[in-house]
Structures are given as C-alpha cells and as structure tokens.
Student: 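Could you have a look at this structure, given as structure tokens, before my questions?
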Amino acid sequence: MTERSTRAWLTPEIRQQAEQLIARMSLDEKVGQMTQYDWGFNPINPETGVSVRDLLRDEIRQGRVGSIFNLSGAEEANELQRLIAEHTEHRIPLLIGRDVIHGYKTVFPIPLAQASAWNPALAYRTAEAASRESMADGVAWVFAPMIDVSRDPRWGRIAESIGEDPLLTSQYSRAWVEGSQVADAPGQATASCPKHYAGYGLAEAGRDYNTVDLSDRELRDVILPPFREAVEAGALSIMASFNEINGIPACANEYLLKTILRDEWGFEGIVASDYNALQELIVHGVAGSEEEACELAVLAGCDMDMHSGFYMRHLPKLVREGRVPASVVDTSVLRILAVKIKLGLLEQPFVEVPSVEAAEAARVQFTALAREAAQQSIVLLRNEAQVLPLQKSGSSIAVIGPFAHNRKDPLGCWAFDGKPEDVVSLLDGIRHAVGSSAAVHYAEGCSVSVDTMAASGLTEANIEQVLEAARQSDVVVLALGESLEMSGESRSRTSLDLPGAQRQLVEAVAALGKPIVAVLMSGRPLALPWLEQYASAIMQAWHLGVQSGNAIADVLFGDYNPSGRLPVTVPRSVGQVPIYYYRKKTGRPPGGVYSSYYIDSTTEPLYPFGYGLSYTAFQYSAITVSDASIGVAGKSSVSVTVTNTGDTAGTEIVQCYIRDEVASVTQPLKKLIGFCRLQLAPGESGYAAFEIGERQLAILDKDMKRTVEPGRFTIWVGPNASSGDAVSIVVE
Ligand code: GLC
C-alpha cells in the first residue's frame, strides 16, 4: 500500500497557544469564533435606517464574530480589525475571507481553462500570485480551490472546476493549496479552502444545488481523491457543500466530516459550511428548527457557520442544556484559533494599505503570468487546411462577434475584484499583434447576455455591418461563446448551444465563402457539431482573464503554438450528458440494436477528453514496458519516445491510461494514471515514462478494500483518451 501522509501543520506550540487562549474565553466568545458573516450582505432597515453592517460592527465589538468575508479592501479590513483590538478582551483578529477562485485583481483564466494547460506547476504560480494580491488587501482566507469533479456541462460551476478527471483535479488541488499557502512564514500566506466537500459537481440534471446520490464507491473513486490530496498538502480548511450526500446534507454529514475527513485522513483544519447552509438543513427537511440545524451541524463536525447566525443564536444554549458537549465547541474553536495563529494574525492583524503605485506595480507584475496562463489554456480543436496560424502582414482580418471587442466577459465567473478596463479584448490583441502590417475590420454582429440568450434574430443593419467587415477581409475571426453570467454559481443551462443569435451570425458570414476561424469564449464546453461545416478552425478559449486578447492573438498568429488539451469531454449534444471518458463497458457496449446506444446519435463525443491540436506534429514510438509480468506488490514502467516531426517548436501532453481487464468489480474502460509535458524543438525527441505500481494498479475491491488484484492490465500512452499505443502487464 502506498504510504500516504497528511502534512502536519498544527504543531504542539500552536496547539498550546490556542488552548491557553481557549481556557480564558467565555462560551459566547468561543461560539463567536465559529461565526462568520458576509459583509457584502448589507440591507438597511427602512424603519430604523440601521444597516446590517451597523449591527455586525456591534457583534464584532462584543467578540461574537470570528470571520468576515467580502470586504472591499485593506482599509475596511483594518477598520474591522481595530474594532477587535479596541473593544474585545482577547483581541482575536477576524479571519477575513474572499472567493479568490482564479485571481484577485489580476484575473487569470477560469479554473476549467487553467486545467486545459495540464500544468499544475503553472497553477501553483497563479495561486501564489492571487494569494499575494489578496493578502495585500487583508484577505487571509481564500475560498479556493474549487475541486469538484464535474462531468456535466449543463452545470454552471463546471467553469470553476478542473473538469471530469480525478487525477488531473488532484494534481491541481495540491498545486493550488500549496500555491495559496505558499510560505510558512506568518503573514506570508493565505489559508486555502478546498471546496465543495463533497460531490457537488454530480448534481442531478446538471442543475445547481440539486440532489446528489452516489455510491460510496463512486464517492471514494472519483469525488474524494482531490480532497484527500488537498488535505495531504496541508490545506488549512475545507468547505462543506450545499448538497446532500446519500440523504444527508454535507454540513451535517458525520460520515464525510468525521469518519473520512478526521478519522481516515487526519485533517486538522477548519470545516466551514457553505453560505447559509445551516439554514438550508431546514429547507432540506433534515432539521425542524434553527436549534436542531445548529445541533446537527456542530455535532457532525462543522466548525464554522457561514452567515446563518445559527451558532451564535443557539449554540451557547445547547451547550448549557447539555445537548452539545462543551468539548465539541472547544475542538472547533481550537481549529479556528490554530489557523489564525498559523497565519500570524495574532501578531499582525493589520495590513499596510497599498499605495496606488504599489497596487499598480503588483498588478503589472502578474500580467506576464496572466498571459502565459491564458496561452496555455487555449485548446485548438480544428485546423483544416492549416488555416492557422494567420499571417500578420499583408492580410486583411475581420474580427466579428459579440465577444470580439468585449472586455467584461473574458473575466469569467467569480472575478469580482477584476476590472474590465484591465482586460485585453480579442480585437485589442489582434491589433497589438499586427500593428500597421494588416488591415483589421470589426463588427459586433449581436450582443449576448442572459437577457438576450433566447433571441434568435439579427437585425438587417447588424447583418450588413458584419458582411461589410467580412467582405473587406481575407479571413474572418468569429468570437463566439457565452457571457460570464452564463456560468458559475446558479448558472445551469439546459442547452449547450451558442446562446442568442450567434448561429445566424455564423451562417450569414459563412455565405460569403471566406475562411472562418471560430474562437469559443465560454465557461463550459459547448456542443456545436454544426460549426465544423462553417469554420475551418475552431479554438476553445474559455474565459481567459485579463490577458485574453493577447493570448488568443499569440495563438492565432503562431507566436504561441497551442498546447492545451481538453479537461472535459465535449459532447455532440446535451442529450449525451453526462458523457465522460472513464465510462464503464457495461454488459452491452455501444454497438447496434439491443446494445447501450442511441437510435438517433452516436455515443461518441464531439471531442474526447485530453484532445487538442498543435501547429506541429508529434510522432510516438512504440510503447515499451520494463516488466510485462509483476507480482501484486511489484512495479513496472511504460515509456515512449515522442518526436516533434514538424517545423515548429511545440509542447505535447503525453497521457497514460490504464484498464484492469477483469476485476472483482467493474472497472472504467480507461483511467488516467499519469501525464507529462514534453516541450520539443523541431526534430527533437523526448522520453516519457510512467511508473506502474500499487498506486496505479490498486482498486477498491468488492469489499471496498484497496487491493491490487492479479490479472491483466492494458496500458495506453498517447495524445488523448481516444488514441495511443497499448501494452499489457500481467499481475501474478
Ligand atoms: C457561495 C458558494 C461558495 C462560496 C461562498 C461564499 O454560495 O457556493 O463557493 O465560497 O458562497 O461566497
């Protein structure tokens, strides 16, 4: 069994300091530490004119608040920390939180885009950058990374995820936890908060907040690995999800919060509820009152109550009545104080308010990183007749569509601290790239928003404007996709088509017969099989953040050779969903009648997991295996040589998949067990080797025991989940 260890950060010194503080605190002060509010929620009482923030300031002065999130910056953070310092007996600073999902002021590509880079080391850097910018504003707790495995593009929060694969998500999970908690030095790191624990991405029908019902096997094989990786990486907190897991909402689910998280994994950090999730226990129907909801959650192991106020309102009474042991409260408070001590908050609760120059310098310092991350996030899906890369000089380029000169939507979901004026639009990027060496013609064609997504018609004037731009050009770049409010939380869709009048726009331009390059800017994979008849090239560009336009232009003109690979399967239609590569064989694999197939569609995706094109070509040698026969505790390795046979340098993401051919329980057709990035010059060869041992061979057997079972394993190495050379290994 591969030994696994959880990074121990709760040292005896931290524990002792927390325990000494707890010994001096009243019950109300302890429960105050378990209480968190959203500073952004600030209705004003029309009769009294008193705002919620006025009331919250009083609560803070009385030591009845442990954490606040959604502040506006360093000044406000310092103001609230001063209330603690000047009015409370124990002067325990607030833990100030923020949803820093893909950057703070420098907005990086959405997580699903960053996942397309298959580059955890780059993710570490974007997380570290976001952490540094957040800390400068007094934020010590980032509610990230979002590591819900998701294989349903109808779900709006797939944009925040790393996609469908547990291994890729696990590697990003570790990178983002370590990047956010970058330095051990107090005041030099934020606390990460991997979320949403657990299973939120498998909401039925892709409808946000919907029921999740899955087997313990699916939970442990698919959903939990990224969270376990986060815990082992030393995550200081975890956020419980809204959804039920097998009938019990996560924030009251003892199996999740205690049995797995504490007993099996040794997690020592804070478990925070999601927003008002304690109140939702009543709506779910598992609690009949606020008191009952409070009791269920705290006894299940939820340490911090996000925004319901139930702990502050009811927990002291429950303890005094003996319904909740005082030790339970002390355990939760110890975790919360330990994190605050670890972050250095008790020594230094205040932040130096960054000057305008310092803030600008910080923003600019990460611009290059933002461009690098955006470049690597782009997936080239189609490039017929090598229409790409485009020529910069001597050509005439039309840049058309609702996302052609749009500086808001490339920010993507959860980018509240980003500013559209910091975004480079696609038109900006193309103009920067060509300068005066090419003519650039722009037309919006149509706008796209949640309000217009049902619209179907283009006005005559818009059509004429678009055709005029296209007629003057040698090639048309069509910027299509979704607005930022069409993905993220509470943004599920029943369609995976282009919203609004975009298809009409494509067809109008296509009638001119000019070569079309379609750039898809979206928060989810879109099912657009019809697009291939019109577009010679198709690029999945997601929502790429502040450097969107420059990065897309870099790829369009070949200044960056696209290396992105899909972290999610792209369906042909929403009817195929959920569709993902590690599906089971079933007793009737898709074939003809009476097999697991559709009468009106193939079961194959539009583009497979791991897929992406390059401007060069890579040739794989035959796969070799070091030991074709090993014992159950043995090791082998498989390897290939990859050669860049083209005339452009490029990066290949070499992927390794496995199948346990016969096992005590059914196994997926393929499972990703490793990948590596090979950057190769023209003619250069690289070597990719993958270890095959317990960690890759073991399964949860019929008794849910992790076991390496004897038998034959097929292993593929190749460029995506649908291709690659195979070899067998027999385990005796
Ligand atoms: C939201 C989200 C969660 C976020 C929290 C605070 O409802 O589910 O991801 O961290 O509330 O904004």
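On a predicted model such as this, the values are computed, not experimentally measured, just so you know. Indexing begins at 1, ligand by ligand and atom by atom, following the structure's order. The residues of the chain are indexed from 1 along the displayed sequence.
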Student: Under a 4.0 Å threshold between the charged nitrogen and the carboxylate oxygen, would E59 count as salt-bridged to R64?
Tutor: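 Between E59 and R64 there is a salt bridge, with a charged N closer than 4.0 Å to a carboxylate O.
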Student: Above 12 or not: heavy atoms from other molecules or residues under 6.0 Å from CZ of R220?
Tutor: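 Enclosed.
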Student: Could you check H543 against H102 for side chain to side chain contact (heavy atoms under 4.5 Å, CB included), going step by step and ending with a plain yes or no?
Tutor: CA-CA 11 Å; H543 288 141; H102 53 103; over 6 Å; no
Student: Could you tell me whether E160 and R491 make a salt bridge, using a distance below 4.0 angstrom between a side-chain N and a carboxylate O?
Tutor: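 Here E160 does not pair with R491 in a salt bridge, since their nearest N and O are not under 4.0 Å apart.
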Student: Check each of R157, K195, H196 against D148 using the side-chain hydrogen bond (donor to acceptor under 3.5 Å, both in side chains) test, and report the only one that passes.
Tutor: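 Single side-chain hydrogen bond (donor to acceptor under 3.5 Å, both in side chains) partner of D148 among R157, K195, H196: H196.
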Student: Show the protein residues that qualify under the rule heavy atom under 4.0 Å from an atom of ligand 1, listing them in chain and number order.
Tutor: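 Lining ligand 1 at under 4.0 Å, by heavy atoms, one finds F69, D99, F143, R157, K195, H196, M239, F242, D274, Y275, M306, W414, E489.
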Student: Please identify each residue that fulfils side chain to side chain donor-acceptor pair (under 3.5 Å) with W118, with sequence neighbours left out.
Tutor: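 Not a single residue meets the side chain to side chain donor-acceptor pair (under 3.5 Å) criterion with W118.
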